[in-house]
Amino acid sequence: MITKVATTPFKDQRPGTSGLRKAVPVYQQPHYIENFVQAILDVADLRGKTLVVGGDGRFLNDHAIQIILQMAAAAGIARIVVGRDGILSTPAVSAVIRARGAAGGIVLSASHNPGGPEGDFGIKYNAANGGPAPESVMQAIYERTLAIESYSLVQGPDLDLARLGETKLADTVVEVVDPVETYVALMETLFDFGRLKAFLASGFRMRFDAMSAVTGPYAKAIFEDRLGAPAGTVLNGKPLPDFGGHHPDPNPVHAVELIRELASPGAPGFGAASDGDGDRNLIVGNGLVVAPSDSLAVIAANAHLAPAYAGGLAGVARSMPTSRAVDRVAERLGIRSYETPTGWKFFGNLLDADRITLCGEESAGTGSNHVREKDGIWAVLMWLTILAERGESVGEILRQHWATFGRDYYARHDYEEVPTEAGEAVINGLRGLLPGLPGRKVGGLTVAAADEFAYTDPVDGSVSQRQGIRIFFEEGARAVFRLSGTGTSGATIRVYLERYEADPSRQNLDSGEALAAVAAAAREIADIQGKTGRAGPTVIA
């Protein structure tokens with residue numbers, strides 16, 4: 001029996017670059033989940049079609065999925081494919097959507113944000129291509145949340161999501177599937193598992209930290225079960241609602257134990273980690289951490305070593321704040337390199353049109369045309385393949401890459417939980433300075449050009465304005481400023497710093513030293529301290 005429930009709009013349900021992310025107590029407000037889900041169902045029009053549902057297992061995941069199942073059944077969806085226990089990594093959701101020919105999917109995650117009762121939660125809608133819905137759809141969903149007056153659901157006891165198989169909810173078939181099976185099968189078509197198994201059997205050791213998040217079961221199935229790595233290769237492999245108290249963000253701040261182990265005597269030759277929902281990655285060598293922008297460039301230069309990419313790349317793409325390292329690889333390969341706004345949905349059009357094969361963002365997201373999401377485990381398998389085929393260490397591969405293409409020193413300075421008004425004041429102040437910046441000398445640097453990035457999609461012609469402030473310096477350096485759409489409290493000002501160095505004798509500097517002049521120029525031009533009161537960034541990545 002379908003029940004219709006009266007409701008009133010919430011004014012704060014505008015999705016960001018990766019869906020609607022809020023603190024758990026916000027989502028626990030009566031009708032909050034239901035309103036947003038009903039808006040998705042109203043806009044997406046999935047009646048008679050297949051929907052995929054899954055999440056990273058964080059706190060509230062199980063409760064939200066039961067609500068979604070009841071509402072999807074009331075909306076007349078023919079079949080819902082849901083991961084066992086409500087678990088599906090973000091790239092696995094994309095893989096299942098594509099494998100099943102589903103009309104879309106709902107992903108429950110706040111990605112790398114903390115979990116638990118006081119942590120964060122998120123809901124994102126993915127389209128039929130397996131990727132995040134385009135901006136036009138998300139805008140329509142937001143507009144629907146402002147006008148919603150009721151939602152509908154099929155009330156009843158919670159479904160048993162621990163048991164594989166089919167059950168009925170009203171006229172809807174709910175199919176509980178193994179969350180790992182489809183994804184692992186896809187990876188076996190991309191990489192030579194036999195070659196990788198032999199490589200690990202030869203004595204090469206690796207370590208993978210799942211950070212008590214969703215990739216634990218995937219990593220165990222692939223690295224330990226399929227590739228034969230010893231038990232214990234996967235650390236923190238059980239997904240927990242609060243991620244075991246970890247902050248599931250694979251960066252040097254939150255993966256310090258993994259980095260420390262890889263720098264110790266007798267350490268494994270390769271380390272990696274992934275985040276809360278499995279779409280980000282961290283690559284670690286002995287005594288070094290590979291910057292995400294460098295990782296994308298190295299993968300692009302060596303992708304032909306993996307069977308699925310042996311025929312070459314159609315093109316590559318990066319988000320605008322990501323360093324230009326991959327552009328230099330593309331130029332050498334004679335392929336097109338695209339610069340897009342932040343947000344994986346912008347890569348989706350390029351992938352669907354076969355304009356690119358690889359893509360990535362500076363925030364540890366890397367992927368290819370196999371799905372329409374960034375994919376942490378895939379990136380680790382790419383690196384493991386490169387290591388196996390080249391027979392060199394992570395450090396050797398990185399240094400040879402810089403010697404060939406030059407090095408783009410890179411860092412991101414985050415000013416977290418800044419009052420929204422202060423964050424907007426920084427960006428608006430920079431916007432007003434743009435016409436007068438070219439030719440200005442700041443410290444030892446000279447501004448060559450400055451603009452506000454806008455993007456015209458080469459596939460559908462859509463235009464995205466105000467995607468970040470760019471300042472280019474004559475000395476091969478760049479500073480980028482933007483407000484992040486992934487936080488749940490206040491605003492995060494992200495400042496991206498980059499400086500190119502072609503001279504091999506200057507490619508082994510400390511990044512802080514190499515970028516000091518760029519950082520100083522960025523601080524002076526933006527006047528972040530004056531406008532926010534912050535003397536320095538919260539996090540340097």
Side-chain angles (χ1 to χ4, degrees), residues 10 12-29 31-41 43-44 51-68 71 82-83 86-94 104-127 131-133 135 137-139 141-142 145 211 213-215 239-243 246-250 274-280 342-345 361 363-365 372-374 376 416-417 484-492:
F10 293 90
D12 63 344
Q13 292 192 327
R14 178 185 289 277
T17 56
S18 295
L20 182 68
R21 294 182 186 174
K22 298 288 181 182
V24 165
V26 174
Y27 265 107
Q28 288 176 318
Q29 297 175 88
H31 311 302
Y32 197 89
I33 293 174
E34 291 88 344
N35 277 22
F36 191 67
V37 171
Q38 189 65 58
I40 292 173
L41 296 172
V43 170
L51 177 72
V52 176
V53 181
D56 59 16
R58 68 176 57 228
F59 186 84
L60 211 61
N61 192 92
D62 51 357
H63 173 66
I65 280 188
Q66 296 291 342
I67 291 174
I68 291 169
M71 295 183 68
V82 58
I87 298 292
L88 275 174
S89 74
T90 291
V93 169
S94 185
I106 295 178
V107 186
L108 305 180
S109 174
S111 188
H112 56 292
N113 294 10
E118 301 303 318
D120 295 332
F121 190 73
I123 300 177
K124 179 175 73 167
Y125 177 65
N126 280 22
E135 286 192 313
V137 173
M138 298 313 296
Q139 178 63 25
I141 290 171
Y142 172 60
T145 68
M211 306 189 91
V214 77
T215 53
L240 298 173
D242 64 349
F243 305 120
H246 300 140
H247 189 143
D249 189 352
S274 191
D275 70 330
D277 66 332
D279 63 357
R280 301 186 183 211
T342 297
W344 211 259
K345 54 183 171 282
E361 296 180 336
S363 56
R372 296 297 182 267
E373 290 277 8
K374 44 187 174 279
E416 298 177 323
E417 297 186 355
S484 171
T486 61
T488 61
S489 178
T492 296

Within the 4.5 Å heavy-atom criterion, are [X] and [Y] side-chain neighbours or not?
X: Asp12; Y: Lys22; result: yes
X: Phe10; Y: Thr145; result: no
X: Ser111; Y: Arg21; result: yes

Ring pair (Phe, Tyr, Trp, His ring centres under 6.0 Å) partners of [X], counting only residues at least two apart:
X: His246; value: none
X: Tyr27; value: Tyr32, Phe121
X: Tyr142; value: none

Any sub-3.5 Å donor-acceptor pair from [X]'s side-chain atoms to [Y]'s backbone N or O?
X: Asp275; Y: Arg280; value: yes
X: Asn61; Y: Gly86; value: yes
X: Arg58; Y: Asn113; value: yes

(message) Among residues at least two apart in sequence or on other chains, which ones pass salt bridge (Lys or Arg N to Asp or Glu O under 4.0 Å) with Asp277?
(response) none

(request) List for me each residue that meets salt bridge (Lys or Arg N to Asp or Glu O under 4.0 Å) alongside Lys374, sequence neighbours excluded, and say none if there are none. (result) Asp279, Glu361

(message) For Gln13, give me all partners under side chain to side chain donor-acceptor pair (under 3.5 Å), at least two apart in sequence or on another chain.
(response) none

Can you see which heavy atom on [X] is nearest to which on [Y], and at what distance?
X: Asp56; Y: Ser109; value: OD2-OG, 2.7 Å
X: Ile123; Y: Phe36; value: O-CE2, 3.7 Å
X: Ile40; Y: Ile106; value: CG2-CD1, 4.4 Å

How long is the gap from [atom1] on [X] to [atom2] on [Y], to the nearest 0.5 Å?
X: His247; Y: Met211; atom1: NE2; atom2: CE; answer: 8.0 Å
X: Trp344; Y: Arg372; atom1: CH2; atom2: CZ; answer: 11.0 Å
X: Ile33; Y: Leu108; atom1: CD1; atom2: CG; answer: 8.5 Å
X: Met71; Y: Gln38; atom1: CE; atom2: CD; answer: 4.0 Å

(message) Counting only heavy atoms not in Gln29 (residues, nucleotides, ligands), do more than 12 fall under 6.0 Å from its CD?
(response) yes

